[in-house]
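Taking it in order: structure first as structure tokens, then the write-up.
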Amino acid sequence: MPTIPTDREGLGNRLMVSVAGSPHKFDKSNLRQAILDAPKQFEIGFGLASDIHLEGDFIRVCFYGEGGSAFPASLVRILAANSRYEAGALPISFFQNYTYLLTPESSRDALNIFCSYSGNTEETISTLRAAIEAKLPSIGMASGGKFEEICKENSIPFVKLPVPYEGFQPRMGTGYFVGAMLQVLANHKLTVDIRAEILKSALEFEKSMEGFEKLGLEIAGKVFGKTPVIWANQMYKELARIWTIKFNEHAKNPSFWNFFSELNHNSMIGYSNFGDRYFAIMLKDPADDPRNHKRYAVTTGILKEVGMESEILELGGATVFEKLFNSIYLADFAAYYLAQKNQVDPTPVVMVEEFKKRLK
């Protein structure tokens, strides 16, 4: 069973793939370099939000955003919940809004955080305007666009996210978002400050990129020509979803997700037919319940009987944060090299842009 690599295992010095290498020929915007540079984003993100603060006491947090501006909030929810649990503090409610409208959770006792990397996301602009009209305590995060204009016009605290190069994709700015979101929560005493822990781990990530790249290349070879399905346990189910986003957007390849043990009660039955068209990647947490571990093994055997290949990847890392991002960087490289095999540029999302044009 492969373990998602960490430099604590010394892999950075032993693996054959070199981070001094070149992007593949379909990578016109050098997405490979964006992956390699990603661990540097956390420190920048923390700094961008260091002075962001609203007066008041908040009992919940509501995040608003879509796509690559939304899934970082899912990671922050996991990190904040875990850090409060380890500190013996009561949990804080987190909600995510993916719609055009406010929901009942959007209230004056909630800290409302609106995220749009481009600054022009239609749904999130709609909810931001509604929140301003309702006089809800709000914070905006974007690289500019209409978002910045609206926030400045209404004196909404605003975190301006960087655009490292032309064509930079929101899904590659996760570290900026996570750092900034965690800093905002810490500023409002809604989470334990884990900045030092994260920055220490980020340095380890930089040393581990060779391991991620080599294993990602191997996974791409196994997945090529199939539809990858990504499964994790309940705690890390959002991580499984992020893997599918990477396969969808980098590799332009269909991908789906689910989680143990729920998938054993329904979705796995669907692979009784056409199982050979799919490849299951199971993200296994060593700290999970042993009964769940047994489900991974039994599921692998049953899938094999219907012609479906699979691989169990053990989440590597000493902390929840490390397990999340060790896996995300591996997902980046797996999808990156699947894009090479699919002969597509991993950066642009042409269908999404065409869809937005047709909405106008």
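Worth knowing before you read on, the calculation uses all heavy atoms, side chains too, and leaves out hydrogens, waters and symmetry mates. Positions are given from 1, in the same order as the sequence printed here.
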Legend entry - Sub-4.5 Å side-chain heavy-atom contact between Val61 and Met181: no
Inset, instruction - May I ask you to say whether Lys237 pairs ionically with Glu262, meaning some side-chain N is under 4.0 Å from a carboxylate O? - result: no
Legend entry - Note, Phe147 side chain near Ile125 side chain (heavy atom, < 4.5 Å): yes
Inset, instruction - Establish whether Leu203 and Phe46 are linked, either directly or via other cluster members, by ILVMFWY side-chain heavy-atom contacts under 4.5 Å. - result: no
Inset, instruction - For the pair Lys207 and Glu204, evaluate salt bridge (Lys or Arg N to Asp or Glu O under 4.0 Å) and give the outcome as yes or no after the intermediate values. - result: CA-CA 5 Å; Lys207 301 173 186 177; Glu204 296 297 321; 3.8 Å; yes
Inset, instruction - Could you note down all residue pairs passing salt bridge (Lys or Arg N to Asp or Glu O under 4.0 Å) where residues 108-132 supplies at least one of them, sequence neighbours left out? - result: Arg60-Asp109
Legend entry - Ring geometry between Tyr271 and Tyr278 (parallel below 30°, tilted from 30 to 60°, perpendicular above 60°): perpendicular
Inset, instruction - With sequence neighbours excluded, tell me which residues meet side chain to side chain donor-acceptor pair (under 3.5 Å) with Thr244. - result: none
Legend entry - Nearest-0.5 Å distance, CD1 of residue Ile328 to CD1 of residue Ile35: 12.0 Å
Inset, instruction - State plainly whether the residues Arg195 and Asp193 are in salt-bridge range, i.e. N to O under 4.0 Å. - result: no
Legend entry - In one Ile/Leu/Val/Met/Phe/Trp/Tyr side-chain cluster, 4.5 Å: Leu161, Val163: yes
Legend entry - Neighbour count above 12 (heavy atom, 6.0 Å) for Asp57 CG: no
Inset, instruction - Under the side-chain contact (heavy atoms from CB on, under 4.5 Å) rule, collect the residues that match up with Ala331, sequence neighbours excluded. - result: Trp243, Lys246
Inset, instruction - Can you sort out the partners of Glu238 under side chain to side chain donor-acceptor pair (under 3.5 Å), two or more places apart, ordered by chain and number? - result: Ser74, Arg241
Inset, instruction - Sequence neighbours left out, what passes side-chain contact (heavy atoms from CB on, under 4.5 Å) with Asp276? Give chain and number order. - result: none
Legend entry - Pairs touching residues 287-310 that satisfy ring pair (Phe, Tyr, Trp, His ring centres under 6.0 Å), sequence neighbours left out: Phe260-Tyr296
Inset, instruction - Indicate yes or no: at least one non-hydrogen side-chain atom of Phe177 is less than 4.5 angstrom from one of Cys115. - result: yes
Inset, instruction - Identify whether Phe58 and Ile132 are in the same connected component of the hydrophobic contact network (ILVMFWY, side-chain heavy atoms under 4.5 Å). - result: no
Inset, instruction - Look up atom OG in Ser310 and atom CD1 in Ile302, then write down how far apart they are to the nearest 0.5 Å. - result: 11.0 Å
Legend entry - Lys304: partners by side chain to side chain donor-acceptor pair (under 3.5 Å), with sequence neighbours left out: none
Inset, instruction - Compare every heavy atom of Gln96 with every heavy atom of Ala70, then report the nearest pair and how far apart it is. - result: O-NE2, 3.2 Å
Legend entry - Listed partners of Asp345 passing side-chain contact (heavy atoms from CB on, under 4.5 Å), at least two apart: Asp27, Lys28, Thr347, Pro348
Inset, instruction - Any chance you could measure Asn30, atom CG, to His24, atom NE2, to the nearest 0.5 Å? - result: 10.0 Å
Legend entry - Audit row: Glu311, Lys222, side-chain contact (heavy atoms from CB on, under 4.5 Å) steps and yes/no: CA-CA 9 Å; Glu311 181 148 1; Lys222 295 176 180 179; 2.6 Å; yes
Legend entry - Near-ring test Tyr117/Phe168, centroid separation under 6.0 angstrom: yes
Legend entry - Any donor-acceptor N/O pair, Asn154 side chain to Ile156 backbone, under 3.5 Å: no
Inset, instruction - Please name the pair of heavy atoms, one in Asn326 and one in Gly316, separated by the smallest distance, quoted to 0.1 Å. - result: ND2-O, 2.7 Å
Legend entry - In one Ile/Leu/Val/Met/Phe/Trp/Tyr side-chain cluster, 4.5 Å: Leu75, Leu199: yes
Inset, instruction - Tell me, yes or no, whether the heavy-atom count around Glu354 atom CD, taken from other residues, nucleotides or ligands under 6.0 Å, exceeds 12. - result: yes
Legend entry - Heavy-atom donor-acceptor pair, Ser208 side chain to Gly211 backbone, under 3.5 Å: no
Legend entry - Beyond-backbone contact of Ser106 with Leu136, side-chain heavy atoms, under 4.5 angstrom: yes
Inset, instruction - For the residue pair Leu79 and Val178, establish whether any side-chain heavy-atom pair is separated by less than 4.5 Å. - result: yes
Inset, instruction - Side-chain contact test, heavy atoms from C-beta onward, threshold under 4.5 Å: evaluate it for Pro164 versus Asp37 and give yes or no. - result: no
Legend entry - Shortest non-hydrogen contact between Ile230 and Phe247, atoms and distance: CD1-CE1, 3.8 Å
Legend entry - Partners meeting side-chain contact (heavy atoms from CB on, under 4.5 Å) with Glu353 (sequence neighbours left out): Val349, Lys356
Inset, instruction - Compare every heavy atom of Arg32 with every heavy atom of Tyr337, then report the nearest pair and how far apart it is. - result: OH-NE, 4.0 Å
Inset, instruction - Would you kindly say whether Asp288 and Asn233 are connected by a side-chain donor-acceptor distance under 3.5 Å? - result: yes
Legend entry - Chi angles and distances behind the side-chain contact (heavy atoms from CB on, under 4.5 Å) call for Ser69, Thr124: CA-CA 10 Å; Ser69 301; Thr124 320; over 6 Å; no
Inset, instruction - For residues 74-114, pull every pair meeting ring pair (Phe, Tyr, Trp, His ring centres under 6.0 Å), keeping only residues two or more places apart or in separate chains. - result: Tyr64-Phe114
Legend entry - Sub-4.5 Å side-chain heavy-atom contact between Phe71 and Ile242: yes
Inset, instruction - Check Ser107 against Pro137 and note the closest heavy-atom contact, atom names and distance. - result: O-CD, 4.0 Å
Inset, instruction - May I have all residue pairs that pass side chain to side chain donor-acceptor pair (under 3.5 Å) and include part of residues 180-189, sequence neighbours excluded? - result: Gln183-Asn187
Legend entry - Donor-acceptor under 3.5 Å (Asn112 side chain, Ile139 main chain): no
Legend entry - Residues which pass side chain to side chain donor-acceptor pair (under 3.5 Å) with Ser272, listed by chain and number, not counting sequence neighbours: none
Inset, instruction - Report the C-alpha separation of Tyr176 and Val159 in whole Å, then their side-chain angles, then the decisive distance to 0.1 Å, and conclude whether the side-chain contact (heavy atoms from CB on, under 4.5 Å) test is met. - result: CA-CA 10 Å; Tyr176 298 131; Val159 176; over 6 Å; no
Inset, instruction - Please tell me if the side chains of Phe256 and Val229 come closer than 4.5 Å, counting only heavy atoms from C-beta onward. - result: yes
Inset, instruction - May I ask you to decide if Met172's main-chain N or O and Gln41's side chain share a donor-acceptor pair within less than 3.5 Å? - result: yes
Legend entry - Ser116 side-chain N/O to Thr121 backbone N/O, donor-acceptor pair under 3.5 Å: yes
Inset, instruction - Taking all non-hydrogen atoms of both residues into account, name the closest pair between Pro228 and Ser255 and its distance. - result: O-OG, 2.9 Å
Legend entry - Centroid separation Phe42 to Phe321 less than 6.0 Å: yes
Inset, instruction - Answer yes if Ile52 and Leu48 sit in the same cluster of Ile, Leu, Val, Met, Phe, Trp and Tyr residues linked by side chain heavy atoms under 4.5 Å apart, and no otherwise. - result: yes
Legend entry - Pair Lys146 + Glu149, salt bridge at N-O below 4.0 Å: no
